[in-house]
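Read the structure below first, then the notes.
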Amino acid sequence: MIKPLLYAGLPLLMTIGGSAAFADTIKFGVPVPLSGPYASAGIDIANAAKLAAAKINAAGGVLGKQIEIVAEDDTCDAQTGVQAAQKLIDGGIAIATGSYCSGAALPELVAFHRAGIPYVLDAATNPKLTSMGFDDVFRTIGRDDEQGPFAGAYISGYLHAKKAAVIDDNTTYSKGLADNTVAALKKDGVDVVYYDAITPGQMDYSAVLSHVSSLSPDVIYYTGYFSEAGLLAKEAAALHVTAKMMGGDATNDTTLIKTAGPAAEGWTATTAPLPQFLSGAKDFVTDFTKAYNTAPGPYSAYEYDAVSVAAKAIADAGSTDPKAITAALHKIANYQGLTGSITFNSVGDRTIASYITVVVKDGAFAPGMKLDASGAWVPVQQ
Amino acid sequence: MQGLTRRPLATAGIAALIVAAFIPFFCHNYIVDVALTIVTYGILALGLNIVVGYAGLLDLGYAAFFAIGAYTTSLLETLTGLNFWETLPFSIVFAGIAGIVIGYPTLRLRSDYLAIVTLGFGEIVRIIATNLDITGGPNGIYGINPANFFGHDLTAPKAVYTLALVFLVGVLILVIRLGQSRLGRAWTSLREDEAAAEAVGVPTLRVKMLAYVIGALIGGLGGSLFAARFGAIDPTSFTYAQSVSILIIVVLGGRGSIPGVLVGAIVVAGLPEALRFLHNWREFIFAVALIILMLVRPQGLWPARLRHIAAPSVDEAHATPHADPAEQIAETTAGEPDVLLEARDVSRVFGGLKAVAGVNFTVHRGEILSIIGPNGAGKTTVFNCLTGVIPPTSGAIIWNGRPLTKLAPHKVVARGLARTFQGIRLFDNLTVFENVLVGMDHRFHVSLASEMAALPYARRETHLHHAAGRNWLEFVGLASQAGLRAGDLPYGDQRRLEIARALAGQPQLLLLDEPAAGMNPTEKQSLMGLIRRIRDLGTTVLLIEHDMLLVMGVSDRVIVMDRGQVIATGSPQDVQSNPRVIEAYLGSDEEDEEDAPEISSLPAGALA
Amino acid sequence: MSEFVQLLVAGLTTGSFYALIALGYTMVYGIVRLINFAHGDIFMVGAFIGWTVLSAVAAMHLPWGIGLLIAVLVAMMLTGGIGVIVERFAYQPLLSAPKLSILITALGVSLALENGVLLIFGPRFLTYPHLISNAGFTLAGAQISDVQVGIIVLSFLLMAALYVFVHHTFIGTAMRALAVDRDAARLMGINVERIIQITFFLGSTLAAAAGVMEGLYYTQINFFMGFIVGLRAFTAAVLGGIGNIPGAMAGGLIIGLLEAFSAGYISSRWTDVIVFLVLIGTLVIKPTGLFGERVVERM
Amino acid sequence: MTLLTVEGLRVGYGKVEVLHGIDVTVAPGEIVALLGSNGAGKTTTLRALSGLEPLRGGLITLDGAAIGGMPAHKIAALGLAHVPERRRLFAPLTVEENLKLGGYLIRSQQAELKRRIESMYALFPRLLERRLQLAGTLSGGEQQMVAIARALILQPKLLVLDEPSMGLAPLVVRSIFAIIKRLRDQGMGILLVEQNARQTLKIADRAYVLENGTIMLEGDAATLAQDRRVQAAYLGGAAAA
């Protein structure tokens with residue numbers, strides 16, 4: 001551990017030393033952005049992983065061993081991502097659970113696959129990630145092409161909108177969701193009067209909004225992230241935009257409400273069922289808030305589930321051999337996670353990805369509507 | 001001697017590469033991946049180094065070329081099914097074309113404006129890739145096949161690393177050869193002093209363009225490698241931040257220094273990895289380290305050394321046919337008319353001020369003609385008009401019976417007019433010998449490719465020019481200083497080197513702007529001899545000089561200028577006795593105590 | 001018509017921010033020929049200092065107008081101080097070194113400021129209190145909020161104040177003199193280093209004012225917020241002719257309007273491409289920007 | 001009593017030393033000329049005196065204060081005014097702004113500064129007409145007037161002029177020289193670098209001839225004007241005509 005440090009000219013070597021140290025734990029690798037513009041999302045994910053591990057460890061761990069979470073910074077960048085993944089592999093992880101940006105997740109996934117290590121994705125929703133033909137990729141979150149049709153159905157079937165505007169932010173996730181939503185809307189006969197992208201970080205979107213409002217859509221659906229969503233809500237209110245403001249699951253964050261203030265009232269987000277609204281997950285929210293002094297991020301619950309389901313698979317396999325874990329993950333059936341029942345299909349996606357809407361009411365997200373088995377819109381019961 | 005100083009570096013470099021080649025056998029994949037990133041950055045930085053380091057142009061959008069290479073390979077592979085190696089030429093060519101597209105309209109911009117234009121270009125390329133469907137939009141392109149080598153897919157980090165290392169070696173050979181080539185020399189001259197380079201015959205716009213294009217080619221190659229490594233690309237890999245990282249590598253390492261750039265790549269790509277144990281503090285500490293490194297070593301971690309091309313020995317130079325000054329000049333001056341140059345009513349106005357107001361004179365072949373006159377008389381402006389540095393506001397310059405107006409300075413040099421400067425403008429960070437070689441730039445005929453490949457006839461030409469350059473140094477008496485840094489020469493020697501640099505272009509007319517300035521009497525004596533010897537070779541000399549002893553001693557004819565006009569022309573004796581000249585040049589001799597009318601008498605106490 | 005007016009107002013609002021920040025780029029460039037890549041982050045730091053002061057003041061239960069005034073002034077002063085410290089430690093030692101070296105330290109400072117704020121305030125978005133209502137009025141069918149008017153007016157006042165300062169005070173005249181000829185300025189008894197510091201101070205205070213206004217208007221701030229705005233402001237400064245103060249103001253407004261109109265009438269997806277193409281086109285026609293002077297080189 | 005004393009002044013750029021130990025003195029009410037060919041080191045000497053070039057060695061004393069190595073703005077405050085070669089006006093600023101900058105160090109005394117600027121307009125009435133014109137658009141003679149006026153605002157003890165006659169019509173040169181003499185007569189010390197040697201030696205009291213960074217000759221102006229060596233080194237063959 002110390003010796004390589006002496007090679008001052010080769011500081012890289014010191015990272016080797018750190019890895020193989022504690023053989024009595026089972027290591028879970030969590031590659032997420034810990035610096036750069038996406039750091040806040042990555043830190044929320046890593047914290048959720050630690051919370052899940054702590055809970056499992058407190059209950060005796062897995063196979064008699066403790067779980068150790070090793071988070072590595074991928075800065076949402078392909079090059080750094082592959083290095084983070086490789087560092088985790090060399091560090092002897094049994095499984096990887098994590099990811100945030102699809103752009104970094106893909107090369108990470110290739111690296112893990114090559115090393116035979118299973119990867120349970122928590123937040124990267126791009127459909128392509130599970131269609132690479134790898135049998136060791138799983139994900140606890142739904143895919144963009146599943147949320148899009150749900151959003152489309154809500155806009156046409158529940159809101160009975162005739163005209164809709166869809167805005168994305170030109171990131172992989174956002175564009176994918178927007179494309180799928182637009183396709184669903186068109187299929188349902190809704191006139192998509194505007195479909196364009198904004199630049200995240202630009203702050204002022206009133207030019208776009210005033211143009212959109214001149215096209216008088218009934219609904220504006222924004223598929224990007226919460227910070228721009230807050231600005232859109234706020235600026236739309238200032239412009240007296242009458243269209244209903246909606247967003248995808250990445251807009252489901254309290255920052256939206258803090259940014260837009262009263263203008264956030266009525267913002268509707270499509271999302272997978274969140275722990276906040278699931279009776280079984282109340283504890284998670286409390287624990288997370290207590291441990292990290294902040295509410296969980298939008299993907300924290302998915303990461304929590306990813307770690308939990310991975311631990312379950314290790315227990316089922318009775319081994320930390322990656323091949324055995326992969327096989328066990330494929331056999332997982334109806335595991336009750338925070339985000340609902342988890343069963344993986346052949347490519348590793350969840351068989352049932354259910355969605356709900358949440359609405360900002362009195363300064364907080366409140367449960368909205370969901371589709372019941374008969375295809376009717378019913379309120380979500382807490 | 002120079003050979004000896006070169007060898008340890010080359011040996012160390014090769015040793016380092018061999019060590020690098022063995023990394024996959026000893027290290028974890030993680031280390032290999034980091035090393036691969038370093039190598040990729042190394043390739044890109046070597047490419048950017050051509051633009052920033054060699055040619056001195058600021059480029060903040062280099063990632064654009066990287067992107068174009070990556071997208072070309074990815075699209076061709078996924079759309080047409082070409083394999084990696086087949087797409088590679090396309091990537092490189094497309095990146096090169098992009099280099100032309102961005103370079104052409106912007107080459108005339110000053111460097112800070114160039115910075116934002118290149119930045120804008122980089123952003124434009126990225127946004128186009130994000131917005132178009134064919135490029136996969138923000139998703140980018142997936143499922144790119146890895147490079148294949150005799151049936152083996154190069155997918156494992158170790159295999160890709162080896163491939164990248166081979167590319168790096170290729171690029172290294174290319175950039176080292178380029179650095180030694182005449183193009184490399186032209187780039188350096190551009191970086192040192194663009195206007196002077198142009199004025200001694202370097203076609204600066206074309207040379208800048210080549211820097212862009214060759215830099216772009218290497219960027220394209222890096223991009224292809226990147227695509228093959230990850231099997232997937234998306235626009236987020238080609239941001240402004242990426243361009244900036246590559247720029248940091250070049251500047252931190254040492255602009256123009258190949259080992260420096262490689263060290264820079266190791267620091268910039270490796271340090272953040274080495275700092276992973278700092279978690280959240282990693283980027284902050286890296287930023288602070290960057291600032292401190294730059295403060296401690298403003299020239300870079302491993303600054304570029306003086307370019308060294310050894311001058312041939314005396315015997316070697318003398319033995320080379322066609323390298324003799326007299327013979328060279330004779331070649332160029334045969335069979336032309338007696339009036340070499342004629343200035344017809346040349347005027348130049350600067351913001352309402354007539355610096356040159358309708359000047360007429362002729363220069364006869366084979367004479368030594370001097371232009372004298374007080375400071376501000378417009379002499380240097382006449383030189384600048386003659387050599388194309390400043391276009392005359394009106395009037396014509398006739399050269400060998402044909403008009404010479406509105407030609408770029410380097411073309412004027414190619415026609416046979418060479419000059420020196422009033423304030424010495426040598427390329428300080430080139431050797432004495434290479435300064436002379438820059439002056440010969442326009443005389444090279446061999447293509448760059450043949451020079452790089454060291455084809456026999458190209459080597460012959462290089463050899464001839466080196467010998468000729470060596471002889472010109474000997475002609476002005478600087479042969480023994482050939483290997484010194486030009487900026488380190490004493491003042492008088494710098495003046496003579498400027499003359500040698502101008503002569504090396506085989507001019508028919510040599511324009512000397514105050515060559516004796518700062519020389520002591522002994523040096524001036526030898527300068528007079530030198531000017532006469534230049535004339536004896538058959539080169540006509542046009543001289544601006546304040547030193548009357550020199551002017552009167554050496555000139556066949558003298559033109560006197562005052563306030564933008566020619567006030568007298570004639571033999572030295574005529575001019576010396578012309579009262580108008582004496583008054584204009586030396587000031588009035590009469591006692592004059594009267595106050596000038598436009599100045600009132602000093603009010604009492606005004607200056608108390 | 002109403003959309004046109006709406007876009008005009010949007011463009012003027014963002015343009016005002018760009019112009020205020022562009023002034024910092026241009027003043028520093030005019031005097032030390034440095035593209036201060038950290039300037040966008042100075043703006044960000046200003047927003048964070050403003051947020052901190054507002055939070056502290058909120059606890060004191062002062063009338064919000066006074067609290068706001070205190071926040072703006074304190075943010076301007078402290079950020080100005082940071083600008084001076086950055087100049088003293090990261091730039092001044094390199095003023096006579098190769099130009100690119102100082103450019104790299106500027107990039108380093110940018111990265112350090114971003115990550116420093118990240119370490120202190122965390123990665124999450126912070127939100128300014130909603131102090132100002134969204135109330136406004138209708139003009140030619142367009143909704144204009146009082147805040148927008150306030151921002152535009154305040155920016156113009158600050159720009160006018162700067163203009164007056166630069167043209168009608170001794171220090172300002174010294175700044176202009178220094179930009180022309182540093183040695184001649186020294187011979188006049190001008191302490192050149194001091195004037196450079198004042199320039200950094202002023203540029204930073206303007207950026208801080210923009211930062212606090214941005215926080216109040218858009219409410220959310222983040223350690224990364226200086227990047228895009230800084231880039232746009234830099235573009236604005238160059239478009240106007242870097243080193244030229246009225247040029248920076250005009251450039252900022254032009255970029256803001258260009259952005260608004262291209263987002264409104266063409267496509268927001270292509271806004272940046274349009275902005276940069278206009279910039280490149282302008283520079284090809286006028287190589288030193290709209291207001292920049294031609295430089296004639298002597299041989 | 002001397003106003004300015006320079007002893008063993010050495011200055012260089014990079015690896016090259018330009019001045020190899022120069023000794024110069026100037027007394028109040030005295031015009032001292034510094035002659036020599038281009039590149040001899042005249043301008044460098046002046047730049048070193050006013051703090052624009054770092055010293056490699058030597059002592060500079062102005063009116064009893066050691067100013068060698070001080071920053072330029074402090075030297076200006078101590079009473080040394082330098083009118084640089086080619087005038088170096090702030091071209092995009094108005095004449096009045098140029099003059100005001102000349103009074104930068106007394107900027108807090110508004111009324112006094114105003115009075116001094118007025119006195120400069122009285123001295124150079126042409127500048128009053130041009131006061132709002134940009135300095136860069138003036139004729140050469142007018143520019144030289146601004147340069148001198150700008151230097152006089154602080155009422156320096158020593159005025160250092162670098163080629164004030166450069167590029168000017170003889171008539172204008174004569175008026176500039178007349179001003180210089182008047183300044184001398186009021187007790188100011190003047191150090192003058194000139195190319196126009198014959199005329200310079202006529203108004204100077206003493207002179208030094210500089211060659212290659214060392215002082216080759218020194219003496220009173222009248223004697224030097226007759227010295228053949230000066231003519232040979234400086235005026236060249238034309239002097240004999």
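Quantities reported herein were computed from a predicted structural model and do not represent experimental measurements. The sequence lines fix the lettering, A, B, ..., with proteins before strands; numbering per chain opens at 1.
Only the side chain of Leu60(B) has a heavy atom closer than 4.5 Å to any heavy atom of chain C. In this structure, the portion of Leu231(C) lying under 4.5 Å from any heavy atom of chain B is its side chain and not its backbone. For chain B, the nearby part of Phe89(C) is the backbone; its heavy atoms alone come within less than 4.5 Å. Both the backbone and the side chain of Leu247(B) come within less than 4.5 Å of a heavy atom in chain C. Interface remark: Leu100(C) contributes backbone and side-chain atoms alike to the contact with chain B (heavy atom separation under 4.5 Å). Only the side chain of Glu123(B) comes within contact range of chain C, judged by heavy atoms closer than 4.5 Å. Residue Ile292(B): no heavy atom, backbone or side chain, is found under 4.5 Å from chain C.
Arg232(C) has a carboxylate O that lies under 4.0 Å from a charged side-chain N of Asp272(C), or vice versa, which qualifies the two as a salt bridge. Ion pair Glu498(B)/Arg425(B) not flagged as a salt bridge, since none of the NZ, NE, NH1 or NH2 atoms sits closer than 4.0 Å to an Asp/Glu carboxylate oxygen.
Interface summary for chain C: among Arg255(B), Gln299(B), Arg108(B), the most heavy-atom pairs under 4.5 angstrom belong to Arg255(B). Heavy-atom pairs under 4.5 Å with chain C were tallied for Phe284(B), Tyr113(B), Phe286(B); the largest tally goes to Tyr113(B). For chain C, the option among Leu119(B), Ile116(B), Leu109(B), Thr106(B) with the highest count of heavy-atom pairs below 4.5 Å is Ile116(B). Contact count versus chain B (heavy atoms, under 4.5 Å) is highest, among Leu103(C), Leu119(C), Leu111(C), for Leu119(C). Of the listed residues (Thr235(C), Ile242(C), Val284(C), Val275(C)), the greatest number of heavy-atom pairs within a distance under 4.5 Å of chain B belongs to Ile242(C). When Ala97(C), Gly108(C), Pro93(C) are compared by the number of non-hydrogen pairs under 4.5 Å with chain B, Gly108(C) comes out ahead.
A cation-pi arrangement is present between Arg501(B) and Phe427(B) under the rule of less than 6.0 angstrom and at most 45 degrees off the ring axis.
The side-chain heavy atoms of Trp281(B) and Leu275(B), taken from C-beta on, include no pair separated by under 4.5 Å. Residues Met225(C) and Phe43(C) are in side-chain contact: their nearest non-hydrogen atoms beyond the backbone lie under 4.5 Å apart. Using a 4.5 Å heavy-atom threshold, the side chains of Lys208(B) and Val51(B) count as separate.
To the nearest 0.5 Å, atoms OG (Ser245(B)) and CG (Leu48(B)) are separated by 11.0 Å.
Note: Phe37(C) and Tyr240(B) have tilted aromatic rings, judged against thresholds of 30 and 60 degrees for the angle between ring planes.
When the salt bridge (Lys or Arg N to Asp or Glu O under 4.0 Å) test is applied to Asp112(B), the partners found at least two apart in sequence or on another chain are Lys99(C).
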